[in-house]
2 protein chains.
Amino acid sequence: MSQKDAGVDLDKSLGYLLKEASSALRAAMEEVLRPLGMTVTHYSCLELLAQRPGLSNSELARGAFVTRQSMNVLLQTLERDGYVTRPAAPPVGKALPARLTPSGRRSLEKASAAVRSVELRMLSGLTEPEQTAAFGILGSMIHSLRDGGDAAG
Amino acid sequence: MSQKDAGVDLDKSLGYLLKEASSALRAAMEEVLRPLGMTVTHYSCLELLAQRPGLSNSELARGAFVTRQSMNVLLQTLERDGYVTRPAAPPVGKALPARLTPSGRRSLEKASAAVRSVELRMLSGLTEPEQTAAFGILGSMIHSLRDGGDAAG
DNA sequence: TGACTCATGTCAGTATTCTGACATACGGTG
DNA sequence: CACCGTATGTCAGAATACTGACATGAGTCA
């Protein structure tokens, strides 16, 4: 009731829009990943590993925006299912470098294609200059949020 | 190891950046909301209610990007703590219109100021034209994601 | 060498959210 | 009036992620 016809002049703050966009992206990714039996975090881990082989559990966790503990649970599943391998003993320190197996790489290929289609759809409404601008804008927002605004010149 | 000095040329896809920005924003919000004993979803619900009094549980859920079930749990807590009121019986249909109590409104004021400071910090790295562009860009991305790209002219 | 700090992996418990399912209430249609 | 599709609130169970805490390994410094 009053969902589509009401003006919905809610916040329309950039923060709300950002959350809305992120939510829409996640939903779209889940939709195309589900038929492949993969979750977004699942995919993120594999993609991270493909681009930077040998990442440790903690590094993977940071890259996927989850805790070490959550990523560890996921890695155990991926390892059990044969998508990822980790040495029995750490080569140095405590960090166990993870790597994709051929099976993991194959699985990632399909998922990667699916996700790419979502990203292309997301970009389809933007002009090239807008796409370039989006990179800079999001980058600036992240930087300001992390370093504390304009204080960290 | 190799976290700050490595190039981190990861995806750098717009999707990843969007997730990164959203994650940074959420973390920043949690940080300023925690001293007030509030979570992000908690705050979102109150803010939604302030701007659109009488929203139902389902409508609030959509606005906060969670399920009806999750929002219902939250609403019960907010009701118990005296921040929100709902009539015992639905005036029409099954939807129970929720409203902020004076206590809820007071609580929201502080939270709102805190969140606003975060949003200002996020915007501090952007020029005015960039801020305007950000609205349009995020809006376009959401639209394309929801309606299926350029197919829905 | 010994103490200190930091990062990592891991265990345990908790919290939050989600999926599935059901009954109810409104609106449209025959 | 009866039927059907949609939307809502709600209950129950499962999945997921988080916080807290601990021991280990590496680097630094006296």
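Every value quoted in this text rests on a predicted model; they were computed, and no experiment measured them.
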For the residue pair A/Thr85 and A/Glu79, confirm or rule out a side-chain donor-acceptor distance under 3.5 Å. no
Please tell me which of A/Glu30 and A/Arg86 maps to the more 5' nucleotide of DNA chain C, matching each residue to the nucleotide holding its nearest heavy atom. A/Arg86
Distance in angstrom units between [X] [atom1] and [N] [atom2], rounded:
{"X": "B/Asn57", "N": "D/dA7", "atom1": "CG", "atom2": "C1'", "value": "12 Å"}
{"X": "A/Leu55", "N": "C/dG9", "atom1": "CG", "atom2": "P", "value": "11 Å"}
{"X": "A/Glu31", "N": "C/dT19", "atom1": "CD", "atom2": "C1'", "value": "16 Å"}
{"X": "A/His42", "N": "D/dA17", "atom1": "NE2", "atom2": "P", "value": "12 Å"}
{"X": "A/Lys94", "N": "C/dT8", "atom1": "NZ", "atom2": "P", "value": "11 Å"}
{"X": "B/Leu96", "N": "D/dA7", "atom1": "CG", "atom2": "P", "value": "18 Å"}

Just wondering, more than 12 heavy atoms not from B/Gln76 lying within 6.0 Å of its CD? yes
Output yes when A/Arg146 and B/Glu20 qualify as a salt bridge under the 4.0 Å nitrogen-oxygen rule, no when they do not. yes
Using a strict 4.0 Å threshold on nitrogen-to-oxygen distance, state whether A/Glu109 and A/Arg105 make a salt bridge. no
Proximity to DNA chain C (any heavy atom under 4.0 Å), residues of residues 64-81 of chain B only: B/Val66, B/Thr67, B/Arg68, B/Gln69, B/Ser70
Heavy atoms only, 4.0 Å cut-off, all strands: where does B/Thr39 land among base, sugar-phosphate and nothing? nothing
On the nucleotide C/dT16, are OP1 or OP2 found under 4.0 Å from the side-chain N or O atoms that B/Thr41 carries? no
Angle class for the B/Phe65/A/Tyr16 ring planes (parallel below 30°, perpendicular above 60°, tilted otherwise)? tilted
Give a yes or no answer on whether the side chain of A/Ser144 reaches the backbone of A/Ser140 with a donor-acceptor pair at less than 3.5 Å. yes
